[in-house]
Amino acid sequence: MHTYRTHNCGELRDTNVGDEVRLSGWVHRVRDHGGLLFIDLRDHYGLTQCVIEPDAEMFAAAEEVRAEWVIKVEGRVEARSDETINTDLDTGRVEVRMSGLEVLSEAQELPLPVFGEPEYPEDIRLKYRFLDLRRDTLHRNIVMRSKIITFLRERMVAQGFTEYQTPILTASSPEGARDFLVPSRMHPGKFYALPQAPQQFKQLIMMAGFDRYFQIAPCFRDEDARADRSPGEFYQLDIEMSFVTQDDVFGAVEPVMRDLFEQFSDGKPVTKDFPHIPYAEAMRKYGSDKPDLRNPIEMEDVTGHFRGSGFKVFAGQIEKDERVEVWAIPAKTGGSRAFCDRMNSWAQGEGQPGLGYIFFRDGRQGAGPIAKNIGEARTEAIREQLGLDDGDAVFFVCGLPAKFAEFAGAARTRAGEELGLVDHDRFEFCWIVDFPMYEWNEDEKRVDFSHNPFSMPQGGMEALENMDPLEIKGWQYDIVCNGIELSSGAIRNHKPEIMVKAFEIAGYGPEVVEEKFGGMLRAMQYGAPPHGGIAPGVDRMVMLLCGEPNIREVTMFPMNQQAEDLLLGAPSNVSAAQLRDLHIRLNLPKKG
RNA sequence: GGGGGUGUAGCUCAGUUGGUUAGAGCGCUGGCCUGUCACGCCAGAGGCCGCGGGUUCGAGUCCCGUCACUCCCGCCA
């Protein structure tokens, strides 16, 4: 018989009745009836009820055990009587009649109970993560994460991709997030950086002639945390392919995502064919480049109905600036003054002057101040355009779309959520395509890359030379699920002269490109294949599939919001000798 | 760097207009209990009310500061 166990704690069934078995695990729960004592023994696999009676030799020892002690139990598997079967347990038809018990390891009084699922303070959970991880939901989330990653690897390999590893110690990149730096011992005053993503490496892999790369890639960015963003590190399903168009990338990635979500979504429906939504259309309809398509509300331009109308607040703005538009946010079933006023005061809380509205009642009559001001005919035209009826409402935002789109999108989200129009039990995917290559940086009054500077502009060199930079679109795309951006990707620029020109438009001279991206530029000069890729965020996929709003619920050993590891104590002080080796002298901020 | 929330027993929380000895559940200790599976019953221990200062005859409660955790903004090509 094995030293510790013949079976695991989730294994025993009717067919084992009569077997002499040995189980090891944690004491999940003890129920001491005096004349009869139950121990629920738990391990990774499940829970088995063990029972002992006072005449048994080990009874005194059994009365001593406490929650989370590690014990070894021996005994005979017995069938439970009909009235004592527990259908909630896989092992609930049997129990182990204890004849032997050995304590393998005792536990102090717990700072954090393993039994039950109430919420506990994050700092205690993180300090005692090993206990937290024993708890059922978190334990299952972590296992789910592993299964998801295994699925991704298997599918990628099956589709002809190969996993290659890229360096962890690399060069600091001039664009993007703040880098984590690692001081060089051999080169005083110089630093490595941890990769924000293997972006340049995966393109070099394509240029080196390896086709179809993927990697479950660790990425490091020294940015502040959010609920859905760990401080410091996260994982991407990093993908790159040679000789491909945008549609080839979609064709490779979309089935993997759809099948992944169908397999792990617990029966929730998943989008069959991901719609392709141009960036401009997404902004106009949803006020966001990561729209939640579970929300049925689509915004519409209703500027014409307000031009020259009696609602002077809007009409005046339209008069003054031809770029001013009015967008309507139709809200089915939102047609009550109480709801409209609630939306209005929410908008004021967001720093807006308010949120104008019309709601319809009594035979499609428009109600509210705006309806009064613009009159029946215009009100009816708006109602007609949006297909609204009694009991519905519509909200309006007016101004320059670039300025109000984000707020309009937030109002759309809020109306959809408050009115219960959003179906939470589904996964709605889409591709957002045709992102602008550049955007206007208002602070610095100049043109900036809006996405990835390595992307191929649509129209290539000709577009860069002849078009208004702000009109140029890139072969850049995002994959979005339920309002969450899972990934950005692009068809890359593989021509050195286009790269130089693209950077020139953003204000970087050829010497800057040479200095910062010399390696990439050289690679392009020696035969670079057209290539492209994408990098869906693994953590966010796992969050969606586990239904967890917080990334720490799907991460085994997360840091807290202040980027500290409370279990192992990182970051930590280092010795003077270590600093000397690295040629570093501390220059600490003054206290207070 | 900025804004919001929270902080009372090992843990989750309650605590009235400022007023005697700060409570409950879980856990812990002891006792009882032969079919529980959130077992039940009885008793007990356990508190710098985050920390510092102030107002007051009197502060868990009001004010100021500070610390910790968290959510958000900035940031995240």
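Residue numbers begin at 1 in each chain, while the letters A, B, ... track the order of the sequences.
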- Inspect the contact between A:Arg446 and A:Asp448 and indicate whether a charged nitrogen and a carboxylate oxygen are less than 4.0 angstrom apart. yes
- With no hydrogens and no angle check, do the side chains of A:Asp292 and A:Tyr286 hold a donor and an acceptor under 3.5 Å apart? no
- Query: Within this structure, what is the CD-to-P distance between A:Glu109 and B:U12, rounded to whole angstrom?
  - Reply: 13 Å
- Task: Would you confirm whether the ring centroid of A:Phe250 sits within less than 6.0 angstrom of the ring centroid of A:Trp475?
- Result: no
- Task: Ignoring backbone atoms, establish whether A:Gln562 has a side-chain N or O less than 4.0 Å from OP1 or OP2 of B:C69.
- Result: yes
- Item | Along RNA chain B (nearest heavy atom to each residue), the more 5'-positioned of A:Leu110 and A:Gln199 | A:Leu110
- Task: Output yes when A:Asp14 and A:Arg93 qualify as a salt bridge under the 4.0 Å nitrogen-oxygen rule, no when they do not.
- Result: yes
- Message: Suppose you measure atom P in B:U36 against the same atom in B:A43; what distance do you get, rounded to whole Å?
- Response: 24 Å
- Message: Output the rounded distance in Å from CZ (A:Phe180) to P (B:C76).
- Response: 15 Å
- Is it the case that A:Asn141 and A:Glu548 place a side-chain donor and acceptor less than 3.5 Å from each other? yes
- Nucleotide B:C28, atom C1' - distance to CD of A:Glu68 in whole Å: 15 Å
- Message: Can you see if the side chain of A:Gln108 gets near the phosphate of B:C28 - specifically, an N or O under 4.0 Å from OP1 or OP2?
- Response: no
- Message: Under 4.0 Å, heavy atoms only, any strand: does A:Ile124 hit a base, just the sugar-phosphate, or nothing?
- Response: sugar-phosphate
- Task: Take the protein atom CG of A:Asp448 and the nucleotide atom P of B:C75, then report the distance between them rounded to whole Å.
- Result: 12 Å
Using atom names, set out every protein N or O paired with an N or O of nucleotides 71-74 of chain B below 3.5 Å, distance rounded to 0.1 Å.
| residue | atom | partner | partner atom | Å |
| --- | --- | --- | --- | --- |
| B:C71 | OP1 | A:Asn550 | ND2 | 2.7 |
| B:C71 | OP1 | A:Arg552 | NH2 | 2.7 |
| B:C72 | OP2 | A:Ala227 | N | 2.9 |
| B:C73 | OP2 | A:Arg226 | NE | 2.8 |
| B:G74 | N7 | A:Arg226 | NH2 | 2.7 |
| B:G74 | O6 | A:Asp224 | OD2 | 3.4 |
| B:G74 | O6 | A:Arg226 | NH1 | 3.1 |
| B:G74 | O6 | A:Arg226 | NH2 | 3.2 |
| B:G74 | N1 | A:Asp224 | OD2 | 2.6 |
| B:G74 | N2 | A:Asp224 | OD2 | 3.4 |

- Interatomic distance, A:Leu131 CG vs B:G10 C1' [rounded to whole Å]: 12 Å
- Over how many whole Å does the gap from A:Leu112 atom CG to B:A9 atom P extend? 16 Å
- Task: Determine the interatomic distance between C1' on B:A59 and the same-named atom on B:G53; round to the nearest Å.
- Result: 13 Å
- Item | Ion pair A:Glu223/A:Arg229, N-O distance below 4.0 Å | no
- Message: For A:Glu233, give me all partners under salt bridge (Lys or Arg N to Asp or Glu O under 4.0 Å), at least two apart in sequence or on another chain.
- Response: none
- Message: List the residues meeting side chain to side chain donor-acceptor pair (under 3.5 Å) with A:Arg97, not counting sequence neighbours, and say none if there are none.
- Response: A:Glu53, A:Glu78
- Tell me yes or no: between the side chains of A:Glu122 and A:Asn560, is some donor less than 3.5 Å from an acceptor? no
- Item | Distance, rounded to the nearest Å, where A:Arg125 contributes CZ and B:A68 contributes C1' | 17 Å
- Task: Please name all residues satisfying salt bridge (Lys or Arg N to Asp or Glu O under 4.0 Å) with A:Lys72, sequence neighbours left out, ordered by chain then number.
- Result: A:Glu102
- Task: Sort by first number and list every stem of RNA chain B: at least 3 consecutive Watson-Crick or G-U wobble pairs, both distances under 3.5 Å.
- Result: B:1-7 with B:67-73, B:10-13 with B:23-26, B:28-32 with B:40-44, B:50-54 with B:62-66
- Query: Taking the same atom, C1', in B:C71 and in B:C32, what whole-Å distance lies between them?
  - Reply: 49 Å
- Task: Taking all heavy atoms of A:Tyr279 and all of A:Ile432, pick out the closest pair and write down the distance.
- Result: CA-CG2, 3.9 Å
- Summary of protein contacts for nucleotides 34-45 of chain B, nucleotide by nucleotide, where a base hit scores B, a sugar-phosphate-only hit scores S (4.0 Å, heavy atoms): BBBBSB------
- Could you tell me whether the phosphate oxygens of B:U29, OP1 or OP2, come under 4.0 Å of any side-chain nitrogen or oxygen in A:Arg66? yes
- Query: Is the closest basic N to carboxylate O distance between A:Arg414 and A:Glu417 below 4.0 Å?
  - Reply: no
